Amino acid sequence: MLALVDERDDARLRERELVARAQSGDRAAIGELLVMHGPGLYRSVLLPRLGSEAAAKDALSETYAKVVERIHQFTWQNVGFYPWLRTVALRVALDALRARKRLLLWEADDVAREVDAASTVTPTDQALSDRRDREAARQKVDHALAQLNPRYARALRMRILEERPREEVAAALEVTPATFDVLLHRATAALKKALAAAEEADDHGETA
Amino acid sequence: MARPPEKPPVLDDPDAPPTDEEVALAAELRAALDGQAASTNAGADASLLRALALAHEPRPIDDAEHRALVDRAVATKRTPARRSNVVRVTFGLAGAVAIAASVALLIRSSSQPDAASSAAMAPAAAPAVAVAARAESATTPVSDPSASALAVPRSTQSLFDAPFTTATATARASSGSARIDRIAAARRADLRENRFARWGVK
């Protein structure tokens with residue numbers, strides 16, 4: 001246990017040194033910080049919210065550019081560099097969601113609330129923050145599926161989330177593959193309807 | 001046999017008989033999910049389903065791809081926002097240097113007069129003569145051995161042992177000018193001799 005604490009302290013100390021070097025203009029140090037935290041940021045924050053790998057990579061690139069530009073504004077906290085990096089990424093994701101035209105699981109308002117929370121809630125280290133972000137994303141998916149007819153939810157879960165073959169899912173649902181295609185199409189339409197209703201309720205809630 | 005008019009699909013009944021339109025849309029969605037070309041609507045639906053999957057189980061980014069993103073960010077220097085500041089700072093510094101140089105020149109010209117010219121010039125004409133002599137000395141070789149032979153500052157009393165001429169009314173009226181002329185002539189001679197001395201031709 002003590003060894004684990006020492007190890008964490010050493011890592012934190014090293015990170016603080018990297019931040020100090022980065023703030024004095026050492027680009028290699030910034031690179032090390034990004035290599036250290038970027039993959040988790042992409043997987044836990046950007047990809048679930050933006051819903052496509054291309055959009056998430058663009059947002060990650062934009063986040064990095066902002067970090068390089070504004071690293072001097074960062075003030076060291078005991079939980080390290082990641083909370084600040086995550087807040088920068090959330091702001092980039094928020095801009096991307098405001099500019100997007102299509103329906104997604106996350107709304108811009110959802111991320112705006114997360115940005116607000118990031119400035120008020122006690123920051124945590126990356127491991128805990130990533131776990132919470134991943135759990136929140138799964139809960140969002142579960143909540144969306146819970147709004148649907150259980151048969152639609154099952155079709156989506158098996159075919160889309162679990163990526164099981166079309167024929168296997170059709171057999172599990174006791175329909176032909178062609179009928180399953182229709183079932184999946186209907187499930188998608190129901191999902192869109194549920195998300196749109198949630199968005200509308202959110203808008204009404206804000207204006208009320 | 002004529003088919004009865006189709007009813008709109010009942011989304012809440014998963015097992016209701018499909019319409020022809022639904023069958024066509026379902027085929028388009030399946031093609032879009034398989035990565036084939038599809039209509040805009042089917043493409044948007046497939047994107048939503050992929051987003052659902054990525055939120056549930058996000059995939060990690062490829063290491064090489066991530067490293068490329070980091071390298072690009074670290075190598076790129078974003079300066080557009082600061083360009084105007086750079087211009088302002090550059091002009092400010094250039095202006096400050098110019099002012100400092102002019103002040104230094106002024107102080108130097110008043111505190112370190114050239115020995116050759118100061119010795120030769122009248123007090124009123126000192127700055128102009130000093131500048132002229134310095135400019136000249138900058139383009140001509142300096143001969144140190146003759147420096148000791150240079151005229152030194154001295155009183156003008158010795159110039160006026162003999163009375164000024166009063167032969168003409170004009171001369172009388174301009175007796176003050178005549179004194180100045182004599183001083184200036186003496187200083188001119190000193191200046192000329194000093195230049196010769198510095199050039200080593202005396």
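Since the model is a prediction, treat every value here as computed from it, not as a measurement. All values below were derived from every heavy atom in this structure, side-chain atoms included, with hydrogens, water molecules and symmetry-related copies excluded. Naming: A, B, ... by sequence-line order, numbering from 1 per chain.
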Note: Trp106(A) and Ala55(B) closest approach over all heavy atoms is CZ3-CB, 4.1 Å
Pick one of side chain, backbone, both or neither for Asp34(B), based on which atoms fall under 4.5 Å of a heavy atom in chain A.
side chain
Side chain proximity check, Lys192(A) to Asp45(B), heavy atoms < 4.5 angstrom:
yes
Checking Asp71(B) against chain A: side chain, backbone, both or neither under 4.5 Å from a heavy atom?
neither
Is there a donor in the side chain of Ser52(A) and an acceptor in the side chain of Arg50(B), or the other way round, less than 3.5 Å apart?
no
Kindly indicate whether the side chain of Leu184(A), heavy atoms from C-beta on, has any atom under 4.5 Å from the side chain of Leu33(B).
yes
Would a 4.5 Å heavy-atom cut-off, applied to side chains only, mark Lys57(A) and Ile61(B) as touching?
yes
Once ring pair (Phe, Tyr, Trp, His ring centres under 6.0 Å) is applied, what residue pairs with a partner in residues 18-46 of chain B remain, sequence neighbours excluded?
none
So, do His56(B) and Glu162(A) sit near enough that their side-chain heavy atoms are less than 4.5 Å apart?
no
Leu161(A) and Ala53(B): which non-hydrogen atoms are nearest, and at how many Å?
CD2-CA, 3.8 Å
Specify which of Leu49(B), Leu29(B), Leu69(B), Val23(B) makes the most heavy-atom pairs with chain A at under 4.5 Å.
Leu49(B)
Under 4.5 Å to a heavy atom of chain A? For Arg72(B) that would be side chain
Verify side-chain contact (heavy atoms from CB on, under 4.5 Å) between Leu52(B) and Leu191(A), making sure each step is shown before the conclusion.
CA-CA 10 Å; Leu52(B) 195 73; Leu191(A) 177 67; 4.2 Å; yes
Shortest non-hydrogen separation from Pro39(A) to His66(B) and the atoms involved
CD-CE1, 3.3 Å
What's the separation between atom CG in Leu47(A) and atom CD in Glu57(B), rounded to the nearest 0.5 Å?
10.5 Å
State, to 0.1 Å, how close Leu54(B) and Gly51(A) come at their nearest heavy-atom pair, and which atoms those are.
CD1-O, 3.5 Å
Residues Ala73(B) and Ala65(A): closest non-hydrogen pair is CB-N, 4.3 Å
Quick check on Glu65(B) against chain A: is it the side chain, the backbone, both or neither that has a heavy atom closer than 4.5 Å?
side chain
Has Arg91(A) got more than 12 heavy atoms of other residues, nucleotides or ligands less than 6.0 Å from its CZ?
no
Below 4.0 angstrom, N of the basic side chain to O of the carboxylate: do Arg186(A) and Asp13(B) qualify?
no
Side-chain heavy-atom pair Arg30(B), His185(A) within 4.5 angstrom cut-off
no
Shortest non-hydrogen separation from Ala51(B) to Leu104(A) and the atoms involved
CB-CD2, 3.9 Å
Taking every heavy-atom pair that is under 4.5 Å apart, which of Arg138(A), Glu163(A), Arg159(A) has the most such pairs with chain B?
Arg138(A)
